[in-house]
Number of protein chains: 2
Amino acid sequence: MPRPARNYQAAVYGHVARVARAVASPRRLELLELLAQRPRTVEALARLAELSVASASQHLQVLRAARLVEAERHGTFVEYRLAGTEVEEALVALRQLAERREREIGELTRDFLERRGVLEAIDSEELLQRVRAGAVTVLDVRPAEEYAAGHLPGAISVPLAELEARLRELPRRRPVVAYCRGPYCMMSAEAVATLRRRGFTAHRLDHGVVEWRARGERVETAPGAPPP
Amino acid sequence: MPRPARNYQAAVYGHVARVARAVASPRRLELLELLAQRPRTVEALARLAELSVASASQHLQVLRAARLVEAERHGTFVEYRLAGTEVEEALVALRQLAERREREIGELTRDFLERRGVLEAIDSEELLQRVRAGAVTVLDVRPAEEYAAGHLPGAISVPLAELEARLRELPRRRPVVAYCRGPYCMMSAEAVATLRRRGFTAHRLDHGVVEWRARGERVETAPGAPPP
DNA sequence: TGCATATTCTATTGTTTACTTGAATACTCG
DNA sequence: CGAGTATTCAAGTAAACAATAGAATATGCA
């Protein structure tokens with residue numbers, strides 16, 4: 001290959017690799033997942049991801065340099081957000097690729113769910129059908145602000161921490177489907193375990209809002225339907 | 001978040017990051033592009049990517065550990081290939097994401113093409129239409145073995161090195177569209193420059209077989225149509 | 001069996017990366 | 001304008017990575 005073409009190609013692949021490198025860190029993947037739920041400040045991200053503020057800030061700089069996140073000042077806070085839905089879609093795609101490539105991911109998930117007694121009998125596609133059809137009570141167990149920033153249509157918000165106290169709000173006869181931040185977030189598993197202990201029929205949906213939207217489905221940002 | 005859930009999540013993101021890290025290297029991106037054209041031996045890859053054999057082998061081990069490529073022994077050679085079309089699709093998706101995120105990529109490309117006098121007037125979507133409609137002579141300027149492993153429907157194989165000598169095979173009246181390995185491969189630009197110097201109407205298609213297939217189009221592996 | 005060849009492994013080197021700590025900057029609000 | 005807070009920057013250290021050369025392994029074929 002002629003020199004100039006090689007140099008050009010090397011430069012371009014350097015840039016592509018930079019973007020890939022930005023997501024090639026467990027910490028930053030976690031930050032991206034958190035940002036996919038809603039925009040957040042550095043301090044909030046550091047707390048949720050169990051990082052020092054300085055460390056979180058540096059990771060965010062890396063993500064910003066790769067233009068995967070954007071920063072906006074709000075008074076004394078800086079709020080970070082994902083830079084566009086392509087980033088969400090890329091994240092979902094990467095997770096899917098990884099799940100097919102690294103068998104260990106599936107094993108880890110199965111192990112974890114089994115240990116909590118939340119092994120799924122129903123497959124996820126069927127669950128999605130029922131969610132779409134409104135044939136189940138859909139429970140969003142994330143913190144309320146994340147629910148407010150976007151949730152599955154018809155879902156009601158019952159943050160995991162409040163679940164025990166608010167069980168009476170849920171109709172006993174209808175099966176419950178709980179979801180949270182995504183396939184690797186286990187708040188929904190915790191919720192399902194609790195619900196089953198209390199006699200509910202409950203299942204875990206391994207999709208979050210990000211996956212839902214990446215599938216081209218509608219997301220609600222309104223307060224959401226009150227429990228029937 | 002409870003400890004076990006955190007540990008689980010950290011482990012999973014570790015695996016996802018491993019896959020991302022495997023593609024987060026300019027060298028390995030180049031190897032993947034070369035493998036996307038056709039399966040190859042370590043030695044061939046080392047030569048094409050201008051790497052030492054040992055170094056190429058190590059990069060291939062990384063890619064294999066992430067299960068992005070597969071190895072198969074053929075006698076004394078080991079032939080590497082991409083592990084499934086998901087990998088191709090992920091590559092195309094990554095490039096697209098990077099192109100939207102890193103403005104420099106577009107600039108580098110524009111610069112390079114301008115310097116060769118191959119600045120495109122026609123936009124790529126229209127070019128694709130014409131290629132699909134068979135309204136142009138489609139030229140595959142990659143080495144013949146890559147053409148044999150898969151090419152755009154109706155394309156004829158004229159490796160860049162042979163182009164000057166085989167110009168008479170091409171109909172003068174029809175516009176020519178040249179393509180090669182993908183958006184960052186400049187063999188097609190070289191070909192277009194040559195063709196224009198010789199009085200042809202010629203354009204560069206910034207898609208390769210991988211992009212073509214990722215769009216859901218058919219790829220030919222038969223010898224291909226002879227020049228009219 | 002043994003030689004030749006293709007590939008991989010090992011050890012070493014120099015570079016890059018992640019995290020921590022402490023200081024510096026930028027903004028708001030009194 | 002100055003105090004207070006959120007965030008970023010800078011420096012230092014430990015760990016991970018890439019490239020090189022040379023040794024080791026595995027296969028085909030005489």
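The shown structure was predicted, so the numbers you read here are calculated from the model rather than taken from an experiment. Every chain is numbered from 1, with letters handed out A, B, ... down the list of sequences.
Using bins of under 30°, 30° to 60° and over 60° for the plane-to-plane angle, the ring pair A:Phe112/B:Tyr8 lands in the tilted bin.
Across the protein-nucleic acid pair, B:Glu30 atom CD and D:dA18 atom P stand 15 Å apart, rounded to whole Å. If you take CG of A:Leu51 and P of C:dT20, they are 8 Å apart, rounded to a whole angstrom. Remark: C1' of C:dA26 and CD of A:Glu72 are 16 Å apart, rounded to the nearest angstrom. Across the protein-nucleic acid pair, A:Glu79 atom CD and D:dT8 atom P stand 13 Å apart, rounded to whole Å. At whole-Å resolution of the value, CG in A:Leu45 and C1' in D:dT8 are 15 Å apart. The CG-P distance, from A:Leu60 to C:dA18, rounds to 13 Å in whole Å. We find that CD of B:Gln58 is positioned 8 Å from C1' of C:dC9, with the value rounded to whole Å. Taking atom CG on A:Leu31 and atom P on D:dT7, their separation rounds to 13 Å, with Å as the unit.
Summarising the local packing, CZ of A:Arg6 is surrounded by more than 12 heavy atoms from other residues, nucleotides or ligands at distances under 6.0 Å.
For B:Thr76, no side-chain nitrogen or oxygen approaches OP1 or OP2 of C:dA6 to under 4.0 Å. The side chain of A:Gln61 places an N or O atom within less than 4.0 Å of a non-bridging phosphate oxygen (OP1 or OP2) of D:dT8. Listed pair A:Ser57 / D:dT7 fails the phosphate criterion, with no side-chain N or O lying under 4.0 Å from OP1 or OP2. The side chain of B:His74 places no N or O atom within less than 4.0 Å of a non-bridging phosphate oxygen (OP1 or OP2) of D:dT27. Residue A:Arg73 has no polar side-chain atom (N or O) positioned under 4.0 Å from OP1 or OP2 of D:dA6. Look at A:Tyr80 and you'll find a side-chain N or O under 4.0 angstrom from OP1 or OP2 of D:dT8.
Contact annotation for B:Arg21: backbone-only contact, meaning every heavy-atom pair under 4.0 Å involves sugar-phosphate atoms and none involves a base. Using a 4.0 Å heavy-atom distance criterion, B:Arg64 is classed as making no nucleic acid contact.
A donor and an acceptor atom, one from each side chain of B:His59 and B:Arg28, are located under 3.5 Å apart. Under the 3.5 Å distance criterion, with hydrogens and angles disregarded, no donor-acceptor pair is assigned to the side chains of A:Tyr13 and A:Arg18. Counting only N and O atoms by type, the side chains of B:Glu99 and B:Tyr184 include a donor and acceptor under 3.5 Å apart.
Under the 4.0 Å criterion applied to side-chain N and carboxylate O atoms, B:Arg181 and B:Glu146 are assigned as salt-bridge partners. For B:Arg67 and A:Glu104, the salt-bridge test passes: some basic side-chain N is under 4.0 Å from an acidic carboxylate O.
Judged by closest nucleotide on DNA chain C, A:Arg28 is the one of A:Arg28 and A:Gly75 placed further toward the 5' end. Taking the nucleotide of DNA chain D with the nearest heavy atom to each of B:His59 and A:Ala71, the more 5' of the two is matched to A:Ala71.
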Is there a side chain to side chain donor-acceptor pair (under 3.5 Å) between A:Glu33 and B:Gln9? Walk through the geometry before answering. CA-CA 11 Å; A:Glu33 171 166 285; B:Gln9 198 183 31; 3.1 Å; yes
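Side-chain atoms of A:Ala54 lie closest to C:dT21 of the nucleotides C:dT21, C:dA11, D:dT7. Of the candidate nucleotides C:dT8, C:dA18, D:dA19, C:dT8 has the atom lying nearest to any side-chain atom of B:Val78.
An angle of 30°, rounded to 10°, separates the two end axes of the helix from C:dT1-D:dA30 to C:dG30-D:dC1, each defined over five pairs.
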